[in-house]
Colleague: 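Quick one: this structure, given as structure tokens, is what I'll be asking you about.
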Amino acid sequence: MPVRVVDTATPSSQPASGQDANAGHPSPPSCSLLSAGRCFAGTQNVSNLQKDEAWKVNVRIHGCDLEQGYLCGTMEALNVPLADTPVVTFWEGEIVDSKNYTFFTGKWEASPEDDIRHWSKFPSFTPLLSQIETDGGKSLDLSNYAYIFMRWKEQYFVNVGVDCGLTIAGFYYVCFSCSDGSISGFYYDPNSSPFQKLELKCTNEKDSGFTFSSYELQ
């Protein structure tokens, strides 16, 4: 949920489809660290040409369905400038599994070139790149891979209005480590500063760590 900092034209290139109907691929590995109730804490770098700034960020997963390649949750930014309270958004996620979703987004103004550029920021993506360049990654079996790749798209602000000075027009490319529950991500929005990095660590228990205020999700 960064501050919108530039105004550029909408890219004209047509992305490839983000969904794939191939049902022959198993789901990503079941991981207890990626499940409803899990909490994560860390920072998002929202640097731009004028300043270098990092927001403290908390994330809670509210739902996760590996078979459907779907998850959802809330994201809370604590030290947003000019905001009187933490800013909370509700997001929905797509899990890249070559069955429900591929590495190509196919929407949200992201071209295939944007996809490769952002995924390539993750070292764990490098071993997959050649196969993705060959067939779009449709033949990849990610069920035993040590990392889970996702896209998180914020859907709406939970506790502030749309005139709060922030934007949720973009989305996050996300890499989740099954071994320790750490999350790395990069925010993409052609109208915001590029490659804003999200870094999160899993809290020890589902019900420990930080707590949210009470919000009604609709």
Colleague: Looking at every heavy atom in both E67 and N100, which two are closest together, and how far apart are they?
Modeller: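 Shortest heavy-atom separation between E67 and N100 comes out as O-ND2, 3.0 Å.
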Colleague: Sequence neighbours excluded, which residues qualify as ring-ring contact (aromatic ring centres under 6.0 Å, His included) partners of Y70?
Modeller: none
Colleague: Just do the side chain to side chain contact (heavy atoms under 4.5 Å, CB included) check on V59 and W91 with the steps written out, would you?
Modeller: CA-CA 10 Å; V59 167; W91 56 267; 3.9 Å; yes
Colleague: Check the pair F186, Q196 against side chain to side chain contact (heavy atoms under 4.5 Å, CB included), reporting the backbone distance first and the verdict last.
Modeller: CA-CA 5 Å; F186 292 95; Q196 298 180 40; over 6 Å; no
Colleague: Between F149 and W119, what is the ring plane arrangement, given parallel below 30°, perpendicular above 60°, and tilted in between?
Modeller: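 Geometry flag for W119 against F149: perpendicular rings.
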Colleague: Sequence neighbours left out, what passes side-chain contact (heavy atoms from CB on, under 4.5 Å) with D180? Give chain and number order.
Modeller: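 Counting only residues at least two positions away or on another chain, D180 forms a side-chain contact (heavy atoms from CB on, under 4.5 Å) with S177, S182.
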Colleague: Quick one: list whatever passes side-chain contact (heavy atoms from CB on, under 4.5 Å) with S184, sequence neighbours left out.
Modeller: F122
Colleague: Does atom NZ (K153) have a neighbourhood of more than 12 heavy atoms from anything else shown, all under 6.0 Å?
Modeller: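 Above 12, so yes.
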Colleague: Please name all residues satisfying salt bridge (charged side-chain N to carboxylate O under 4.0 Å, His left out) with E199, sequence neighbours left out, ordered by chain then number.
Modeller: K197
Colleague: Considering residues at least two apart in sequence or located in another chain, which fulfil the side-chain contact (heavy atoms from CB on, under 4.5 Å) criterion with V174?
Modeller: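 Per chain and number, V174 pairs via side-chain contact (heavy atoms from CB on, under 4.5 Å) with M150, W152, Y172, I183.
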Colleague: With F176, which residues qualify under ring-ring contact (aromatic ring centres under 6.0 Å, His included), at least two apart?
Modeller: none
Colleague: Once side-chain contact (heavy atoms from CB on, under 4.5 Å) is applied, do any residues pair with I116, and if so which ones, sequence neighbours excluded?
Modeller: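 I116: side-chain contact (heavy atoms from CB on, under 4.5 Å) contacts with F104, S120, F125, L129, I132.
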Colleague: May I have the step-by-step check of side chain to side chain contact (heavy atoms under 4.5 Å, CB included) for M75 and L198, ending in yes or no?
Modeller: CA-CA 11 Å; M75 179 179 292; L198 181 71; 4.2 Å; yes
Colleague: Could you pull out all residues at least two apart from D135 that satisfy side chain to side chain donor-acceptor pair (under 3.5 Å)?
Modeller: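 With sequence neighbours excluded, D135 shows a side chain to side chain donor-acceptor pair (under 3.5 Å) to Q131, S139, given in chain and number order.
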Colleague: Within the distance-only criterion (no hydrogens, no angle test), does the side chain of Y101 pair as donor or acceptor with the backbone N or O of G93 below 3.5 angstrom?
Modeller: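 Judged by distance alone, no pair lies under 3.5 Å.
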Colleague: What heavy-atom pair brings C64 and A36 nearest, and what distance separates the two atoms?
Modeller: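 It is CB-N, 4.5 Å.
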Colleague: Going through the distances and angles, do R151 and T105 end up as a side chain to side chain contact (heavy atoms under 4.5 Å, CB included)?
Modeller: CA-CA 8 Å; R151 286 177 286 265; T105 305; 3.3 Å; yes
Colleague: Below 4.0 angstrom, N of the basic side chain to O of the carboxylate: do E94 and K107 qualify?
Modeller: yes
